[in-house]
Each structure stands twice: as structure tokens, then as C-alpha cells.
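By convention here, the first residue in the shown sequence is residue 1.
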Amino acid sequence: MQLFEELKACALYNNWWPMLSALMYVLVPMPCLFFGGGSTQFLISRDGGGWIDAAKFLTGASAMGSFAIPIILRHAHMISTGAMFIEFTSFVIFVCTVLCFHRASLEDDW
């Protein structure tokens, strides 16, 4: 779904710069896969440590990059305002997907 939103933002405005955000969408779950064993439970724990803190930092940095890239591209006049808002819509859909996955992974009934 997010890739469809990205492609729509690119195709409607004939500009492929918004695909940089799609790269960030690939990078966001990587700390969970590498440092958290595929689980998102470490993100809400207060336990720390070198690798856990690094994973939390990398997850936050890549999530902020997903939000900041369209703003930076719009400020540099590389994309239009409509493409930026489509990117934000894609980001909201992505966040909702991650929250649903996190909630489903916390429940043992699945």
C-alpha cells in the first residue's frame, strides 16, 4: 500500500524524487530485525543496553527521515506541495501498519 502511494506521488507529478522516502520505509524495520529478533517489544521496554539503545535510535532516526525527506524536497522546490501531502499520507498509512503489527505481536491469542 505504501509503495502504491509512493508511485502515485511520483506518477501524478512526473517527478521521481519522492521515491527516496520508499528507501526509508525499507530501513525503518531493519533495527527490529537485526537487534530485536523481529519483535517490536524492545521498543517500549525501559531496558537498555548498547545494542538495544542503538536499535531504538536507528528506528527513530529512520522514522524521522521518512517524515523529513518530503519536507526537505519541497523546501528545495524539487517536488510540489501535492506530492508532499501524498508522501505524508503514505507515511500515516505506514505508521498505522506498524502499530497494527506491534499490537498483533503483543497478543498471544494469534
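Formation of a donor-acceptor pair under 3.5 Å by the S90 side chain with backbone atoms of I86 is not found in this model.
Here M64 pairs with nothing under the side chain to side chain contact (heavy atoms under 4.5 Å, CB included) rule; sequence neighbours left out. Contacts of F67 classified as ring-ring contact (aromatic ring centres under 6.0 Å, His included), with partners at least two apart in sequence or in another chain: F88, F91. L58 pairs by the side chain to side chain contact (heavy atoms under 4.5 Å, CB included) definition with P31, F35, not counting sequence neighbours.
V92 and F85 sit in two unconnected hydrophobic clusters of ILVMFWY residues. Membership requires side-chain heavy atoms under 4.5 Å apart, directly or through other members.
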Show your working on side chain to side chain contact (heavy atoms under 4.5 Å, CB included) between L73 and M84 and close with a plain yes or no.
CA-CA 8 Å; L73 290 174; M84 182 182 70; over 6 Å; no

